[in-house]
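Read through the structure below, which is laid out as structure tokens, and then see the notes.
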Amino acid sequence: MAEITVHQGDLTRQRVDAVVNAANSSLLGGGGVDGAIHRAGGPAILAACRRIRSTDWPEGLPTGRAVATTAGDLPARWVIHTVGPVYDHHDDPAPLLRSCHVESLRVAVEVGARTVAFPAISCGVYGYPVDEAAPVAVAAVADALAELAGRLDEVRFVLFDDASHRAWRAALDRR
Ligand code: AR6
């Protein structure tokens, strides 16, 4: 049975098969964890994102969907880019946040990743409160692991700050 773990730290330093990026629909980079991934991973990630924009997603990646690219110079092998909901743009953003997690894990399995690290998607610039996001993210991953039985070994949440780390710990403890 795959494990769900919670760590505090920097997503870009994780030794996992795939790290998930809290991207925007342009896939062309930004601030926060997205900026950190492109800085640490180098230009190969942006080049791969541009190829995806010119082929599969010319209008941009929709909210709640996920795509994989190389991880460039990161210790991981793949970056899985997903677009979280902007909290204030939706009456109920939870299904979209859930979809980010489920779709990212489906893509992980497609490329053959067995260990996957997630940041707190939507909890920075996109304004999702951590205490609301954490239970949605943890439940989505637990359900996806049940669906993808045996095809993943670890899903690691890597939280940058104390508040999000506490929120994810509490959400995992309540399960
Ligand atoms: N490792 C782990 N978590 C991090 C790191 C890191 N190196 N850096 C930041 N975080 P955000 P969003 C945390 O804003 O809310 C970008 O510009 C951060 O503290 O990165 O989904 C994109 O291009 C927060 O808890 O993502 C989009 O335009 C969490 O990662 C937009 O921001 C997510 O914050 C996406 O906004």
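All ligand and atom numbering here is 1-based and tracks the order in the structure. A quick note: this is a predicted structure, and the numbers were derived from the prediction, not measured. The residues of the chain are indexed from 1 along the displayed sequence.
The protein non-hydrogen atom at the shortest distance from atom 3 (N) of ligand 1 is Phe160 CB, 3.5 Å. Protein heavy atom at the shortest distance from atom 1 (N) of ligand 1 is Leu11 N, 2.9 Å. Among protein heavy atoms, the minimum distance from atom 15 (O) of ligand 1 is reached at Gly124 N, 2.8 Å. Counting only heavy atoms of the protein, atom 14 (O) of ligand 1 lies nearest to Val125 N, 2.9 Å. With hydrogens left out, the protein atom closest to atom 28 (O) of ligand 1 is Asn24 ND2, 3.2 Å, a heavy atom.
Listed by number with element, the atoms of ligand 1 under 4.0 angstrom from any heavy atom of Asp34 are 22 (C), 23 (O). Counting atoms of ligand 1 from 1 in the listed order, those under 4.0 Å from a heavy atom of Cys123 are 15 (O). Distances below 4.0 Å separate heavy atoms of Asp10 from the following atoms of ligand 1: 1 (N), 6 (C), 7 (N). The contact set between ligand 1 and Gly31, taken as ligand atoms under 4.0 Å from a residue heavy atom, comprises 16 (C), 17 (O). Which parts of ligand 1 touch Gly30 is read off a 4.0 Å heavy-atom cut-off, strictly below it: atoms 17 (O), 23 (O). Residue Asp161 approaches ligand 1 through these ligand atoms, each under 4.0 Å from one of its heavy atoms: 19 (O), 25 (O). Contact atoms of ligand 1 toward Gly9: 1 (N), 2 (C) (distance under 4.0 Å to a heavy atom of the residue).
Counting heavy atoms of neighbouring residues, nucleotides and ligands inside a 6.0 Å radius, atom CZ of Arg77 does not exceed 12 of them.
Here the shortest heavy-atom distance to atom 30 (O) of ligand 1, taken over Ile121, Val33, Ile37, Val83, belongs to Val33. Here atom 33 (C) of ligand 1 lies nearest to Ala120 when heavy atoms of Ala120, Ala22, Ser122 are compared.
Between Arg98 and Asp143 there is a salt bridge, since a side-chain N of the basic residue sits under 4.0 Å from a carboxylate O of the acidic one.
Within the 4.0 Å heavy-atom criterion, neither part of Leu159 lies near ligand 1. Neither the backbone nor the side chain of Ser164 has any atom closer than 4.0 Å to an atom of ligand 1 (non-hydrogen atoms only).
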**OP:** In sequence, state the C-alpha distance, the side-chain angles, and the governing distance for Arg106 and Glu147, and then conclude on salt bridge (Lys or Arg N to Asp or Glu O under 4.0 Å).
**Re:** CA-CA 9 Å; Arg106 287 190 184 135; Glu147 174 194 316; 3.1 Å; yes

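Inter-residue side-chain proximity for Val67 and Ile80 is flagged as unmet; no heavy-atom pair is nearer than 4.5 Å. Two residues are said to be in side-chain contact when any heavy atoms from C-beta on lie closer than 4.5 Å; Ser26 and Arg53 meet this criterion. Taking 4.5 Å as the limit, every side-chain heavy atom of Thr82 sits out of range of all side-chain heavy atoms of Glu103.
Contact between Ala18 and Ala113 at its shortest, heavy atoms only, is CB-CB, 3.9 Å. Between Pro85 and Cys100 the shortest heavy-atom distance is CD-SG, 4.4 Å. Residues Val130 and Ser164 come closest through the heavy atom pair CG1-CB, 3.7 Å.
Taking a distance limit of 4.0 Å, we find that atom 18 (C) of ligand 1 is approached by no protein heavy atom.
In this structure, Phe118 has its ring center closer than 6.0 angstrom to the ring center of His101.
Put simply, the residue from Leu74, Val116, Val158, Thr115 that forms a side-chain contact (heavy atoms from CB on, under 4.5 Å) with Gln14 is Val158.
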